[in-house]
Amino acid sequence: MDSLTNRPTTPELAPVTPHLDDYAAVVGPAEIHELRELAFRLSGRCIKMVNSTAVGGGVAEILNRLVPLLNELGVPTQWDVLKGGNEFFAVTKAFHNALHGETCECRPEWFDLFLAVNEENRRHMGFDEDFIVIHDPQPLALVHAREGRNNHWIWRCHIDLSRPNATVWNFLRPWVEKYDAALFSAPAFTHSLPIPQYLFYPAIDPLSDKNRELPPEFVQSVLERFGIDPKRPILTQISRFDRLKDPVGVIQAYQRVRKYFDCQLVLAGGGATDDPEGDVVLREVEEAAQADPDIHILNLPPWSHLEINALQRASTIVIQKSLREGFGLTVAEALLKKKPVVASAVGGIPTQIIHKVTGVLAHSVEGTAYQIRFLLSNPAFARQLGENGHEHVKENFLLTHNIRRYLLLFLNLSQP
Amino acid sequence: MKQAKHPFEFVAASYLIRIRPERAWTLAELAQHLQAVSAASVLYHTFQSLESHNYTTFSNDFAQWALAACNESVLAEELSAIDLRDIAAVEELRKVLTGTLERYLKQHPQAGDRPAFEPFYFCEAVETVVHLASRAFTLEELAEGIRQMSLHTLHHHFINARLRPKLQASDFSNWIEDSLGLPELAKRLDRIDFYTNTLEGVRKEILQALDTWTR
């Protein structure tokens with residue numbers, strides 16, 4: 001397995017913390033001006049965001065940028081992370097998979113542990129802010145703290161709830177109903193609930209290390225470090241090593257493509273602190289790769305954003321062959337970089353990939369392999385998909401759109 | 001330079017999308033829900049969808065669903081041919097939509113209960129309008145404001161404005177006619193085709209029309 005070595009340091013790669021005005025270059029000054037106008041109307045209100053991991057995974061990435069920018073807009077926002085041990089996160093991972101429709105033989109003590117950890121956190125966290133936004137199911141039961149308070153509680157569900165395991169959903173649902181509103185990434189993820197439900201697309205930060213423009217020399221150096229040949233087509237899937245991302249299926253698709261094209265496969269990702277399955281899945285992936293020297297399995301640490309960015313930019317085609325997906329922000333990342341994407345038609349991916357317009361959708365290993373071959377044979381069409389995808393992301397899935405939606409939600413909930 | 005009696009007042013418009021409980025699995029269910037769903041939902045799937053139709057075949061969500069999920073291309077064309085510029089009230093729009101669906105289902109009864117590939121999810125937009133300090137008294141100032149505004153706001157002034165009571169024109173053309181007394185220019189703006197253009201394209205055409213007039 002490849003390892004991450006020291007990154008070359010150049011002034012262009014120095015860490016930057018973008019400020020709100022920097023985004024005007026991407027979305028236009030009017031967008032930023034209007035965000036300030038909306039935020040001004042919230043002055044005096046403060047927000048708390050709670051999720052279950054500070055690093056790794058899409059939610060932590062969104063909060064990492066959303067929270068500082070809300071603060072810069074004059075809306076004081078605090079981000080707290082739920083504390084829970086390995087046992088708790090093993091339970092919530094099982095719940096996560098079950099909510100995505102996987103079978104789950106839940107034990108009664110799992111539910112007790114879930115509630116006990118939430119209760120323990122509730123006792124140590126303050127909840128005096130005007131708006132409390134709870135992300136995903138892990139901290140869901142913190143809503144117990146709203147009793148006796150007059151603030152607004154919002155549940156942001158980042159996962160595909162369209163076919164949840166009934167046992168887990170029936171356990172969680174009464175907690176969801178205690179909130180003032182629920183936010184979902186696609187209409188198909190919603191349920192019949194007695195509270196208002198809103199459509200909130202997740203978003204990527206165009207100026208973060210993962211997405212900003214990179215010097216070509218750096219991209220080249222990353223390929224060299226990982227032993228990837230820049231002269232042959234590079235197929236890439238960026239994802240945590242998680243069965244729901246189907247990395248083994250990606251290898252099977254690549255093996256079918258290899259019969260026709262001399263290409264390479266990059267599977268790059270890392271773990272998240274709330275995902276204890278990562279190591280097991282990584283071993284399964286290594287086994288499936290059968291030591292093929294053209295399959296590069298890169299288990300990267302969570303701070304490898306520049307490397308991920310470089311790998312996406314160097315790719316000929318980006319794959320996202322998930323079996324279930326909340327939204328699949330890696331798709332938006334690739335589209336922003338004008339890459340042709342072949343992705344599964346699951347979760348929020350069809351919102352990003354309009355088939356044969358902003359990318360290509362597939363439903364199986366065979367379909368994924370066929371679409372990759374089609375794009376490798378038709379590079380002009382692949383380029384056009386990348387261009388369209390770039391515009392689609394710019395109009396819908398950027399951080400500034402996400403900020404606008406939150407500001408609007410808070411303003412609407414504040415109204416009597 | 002002609003000065004208006006009353007200034008054009010710029011706003012910032014934003015939309016929060018609320019997902020409604022109604023879902024249609026068949027065209028018959030779509031027709032049924034369309035009769036009862038909120039006016040805001042009818043607006044969302046017709047007027048609001050114009051903001052993001054650049055990548056889809058048809059400009060309203062009902063037509064797009066009839067094609068993509070029900071494979072009813074003739075119905076899709078009929079629904080997409082409903083010209084919002086001819087309609088002055090949301091209830092009138094609802095009647096035209098349900099009338100088109102019912103007529104089609106009468107002619108093709110087998111299409112009514114055939115399950116779609118995916119359901120139609122009814123949504124509605126919750127609009128927030130913030131009044132800005134900036135105002136325009138002249139065409140030049142109006143053009144500058146249009147150049148600077150976000151696409152959401154352009155959509156609010158140019159497309160959604162047509163359904164406000166007693167206003168079958170855009171906010172811009174209404175002001176140009178009433179406050180500047182330039183009905184020909186107002187008519188020219190109202191002829192801009194927002195179906196075949198992106199919103200950026202619409203902005204460009206408005207600015208070109210204003211520029212020609214002020215030169």
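Below, chains carry the letters A, B, ... as their sequence lines are ordered, and counting in each starts from 1.
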At what distance, to the nearest 0.5 angstrom, does [atom1] of [X] lie from [atom2] of [Y]?
X        : Y        : atom1 : atom2 : result
B:Tyr121 : A:Phe184 : OH    : CZ    : 12.0 Å
A:Glu37  : B:Thr128 : CD    : OG1   : 13.5 Å
B:Glu118 : A:Ser162 : CD    : OG    : 11.5 Å
A:Leu413 : B:Leu16  : CG    : CG    : 8.5 Å
A:Leu199 : B:Glu124 : CG    : CD    : 12.5 Å
A:Leu183 : B:Ile17  : CG    : CD1   : 12.0 Å

Are the side chains of [Y] and [X] in contact, using a 4.5 Å heavy-atom criterion?
X        : Y        : result
A:Arg404 : B:Ser150 : yes
B:Val130 : A:Leu38  : yes
B:His152 : A:Glu31  : yes

Can you tell me which portion of B:Arg23 sits under 4.5 Å from chain A's heavy atoms? Options are side chain, backbone, both or neither. side chain

What part of B:Ala13 gets within 4.5 angstrom of chain A, counting heavy atoms only: side chain, backbone, both, or neither? backbone

Engaged part of [X] at the chain B interface, taking heavy atoms whose separation is under 4.5 Å:
X        : result
A:Ala188 : both
A:Thr190 : both
A:Phe40  : neither

Is it true that atom CZ of A:Arg163 has more than 12 heavy atoms of other residues, nucleotides or ligands lying nearer than 6.0 Å? no

Taking everything shown except A:Tyr370 itself, do over 12 heavy atoms lie less than 6.0 Å from its OH? no

Checking side chain to side chain donor-acceptor pair (under 3.5 Å) for the pair A:Glu34/B:Ser14: CA distance, chi angles, key distance, verdict? CA-CA 9 Å; A:Glu34 291 186 7; B:Ser14 306; 4.9 Å; no

